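Below you'll find the structure, written out as structure tokens, and then a few comments.
Order of appearance sets the numbers: ligands from 1, and atoms from 1 within every ligand. Note that the structure is predicted; figures quoted are calculated from it, not measured.
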Amino acid sequence: MIEDYLHDVLGEVADFDGGSVADYIELLAEADPDPLAAALCTLDGTVYSAGLRPGDDELEFSIQSISKPFVYAQALQELGADEVIKTVGMEPSGEKFNELSLDGDTNRPMNPMINAGAIATTQLINGEDSGVEDRTERIREFLSRLAGRELAIDRRLVESEYQSTDRNFALAHMLRNYGVIQAEAQDAVRSYIHQCSIMVTTRDLAAMAATLANGGRQPVTRERILDVDVARQTQAVMSSAGMYNAAGRWMVTVGIPAKSGVAGGVLGTLPGQIGLAAFSPRLDSSGNSFRGVQVFQRLSRDMGLHLMAAEPRGRSAVRFITDKDDTTVVGLQGDIGFSAAERLWRTINRHEGLLERVRLDFTRVEGSNPIGRRMLLEGINRLRDQGHVVEVDDPDDVIPRARRDNARFEAMGDTSAEHQLLNQDPHSYDEDFDMGED
Ligand code: GLN
């Protein structure tokens, strides 16, 4: 059901064809502009994904700037925050990703998310004297652990970017001039370009994001890769600088730490809850994936992701699950958002010997959001399809509202009044649907 939802979101943004693929790197300019994918990874390691076309979510593309937060995390993990701060700051620059800028007082790059800061951060890995190959191998290994599978470097892409990277050379010379890096400019740029050419899928990015959201433990492999402090610092810096000069608007409209790359990837983390990713190669004028941003805006709205919305969360949705006579009774509690509903259905599916009659007790449910309601409804339909008789004890009408939401979701592809009417539930309420009601 989550895949269906993701697919609906992709359908809504599919026709937005604004922006264009990055053309300053020859191989990227040749990229197919059309793939569109979204993925999310829960903190217990379930990855859900969808592609507009089958397989879009399994396509590999270069990680590009999305490597920056992870190499920053690697530097923090290996050297400690006190050492890393000597090389790179943590203030938003409000500038484009490749801006030729340093902090006026310290001569350090402002943050590790812009190229100046990223080139300097990369040089911290594997010691000052490391060669390019050893350094980039350390980075490739580290990112592979974060993704939970072996990632490869696209060597053709490295050479292609190397042909048109004068701006990064300018940055490396500037960093050398101020003593921020010691390496030859050519080696510093090559190391950085290698890390940008690591190939990932949208699913990989969701798992990497979920590792940050999970405080540094990779949710699929269960390996602890980063200390809790490192995961926190990385996400904090991402939240103020990850989307470059669009970082402020992003924080208002989406509201979670995020990072984008020029190949069209975007990832976001909701600390303590979920990792998200999207992929679509055409970029807007800030260098962020045009449709990727749209996908995130919708996920944030539907799933109630915005960090500043301060919705109560965290308690398990299932208060109890018990058999009474011929009925399995499931008592729910708290707020039913995405994470709660997802855990609810997994708990029910795992429950041995579910009886034919299932009663869902909503009396202790305090609130819900559209995606939580939609998942409740779809889960109930599934139980019915499996032959269960489902009863609900729902004094606050969570389920009728879910029906109403679903009409809206279904109508999204075709917002004509007639279509909406056709999708209206005959038992739904009279008042207009109000997205802001929760
Ligand atoms: N390799 C690219 C560059 O340095 C990465 C930029 C990006 O993804 N924003 O230009």
Side chains of Leu299 and Tyr5 in contact at under 4.5 Å (non-hydrogen atoms) | yes
Residue part near ligand 1, for Thr165, under 4.0 Å between non-hydrogen atoms | neither
Distance-only polar pair, side chains of Gln195 and Thr122, donor-acceptor under 3.5 Å | yes
Tyr72-Asn111 side chain donor-acceptor pair, cut-off 3.5 Å | no
Could you tell me the residue and atom name of the protein heavy atom closest to atom 10 (O) of ligand 1, and the distance to it rounded to 0.1 Å?
-> Tyr24 OH, 2.5 Å
Report the part of Arg167 in contact with ligand 1, treating N, CA, C, O as backbone and CB onward as side chain, heavy atoms under 4.0 Å; options are side chain, backbone, both, neither.
-> neither
Going by the order shown, which atoms of ligand 1 are within less than 4.0 Å of some heavy atom of Glu161?
-> 1 (N), 2 (C), 3 (C), 4 (O), 10 (O)
Is there a side-chain contact between Glu99 and Ile114 (heavy atoms, below 4.5 Å)?
-> no
Presence of salt bridge, Arg149 and Glu60, under 4.0 angstrom | yes
Under-4.0 Å heavy-atom contact with ligand 1, by part of Asn115 that carries it = side chain
re atom 5 (C) of ligand 1, the protein heavy-atom contact at minimum distance is Gln64 OE1, 3.3 Å
Looking at side-chain heavy atoms only, is the closest gap between Ser164 and Glu26 below 4.5 Å?
-> no
Taking atom types as modelled, is there a side-chain donor on Ser286 or Asn288 under 3.5 Å from an acceptor on the other?
-> no
Min N/O separation Lys68 to ligand 1 under 3.5 Å = no
Under 3.5 Å, N or O to N or O, is Gly261 touching ligand 1 that way?
-> no
With heavy atoms of Cys196 as the reference, note each atom of ligand 1 found under 4.0 Å away.
-> 1 (N)
What orientation do Phe279 and Phe61 show, parallel under 30°, tilted 30 to 60°, or perpendicular over 60°?
-> parallel
Measure the distance from atom 6 (C) of ligand 1 to every protein heavy atom, then report the residue, atom name and distance (to 0.1 Å) of the closest one.
-> Ser65 OG, 3.0 Å
Hey, is ligand 1 close enough to Ser260 that some N/O pair sits below 3.5 Å?
-> no
Relative to the heavy atoms of Asn168, which atoms of ligand 1 are at a distance of less than 4.0 Å?
-> 3 (C), 4 (O), 10 (O)
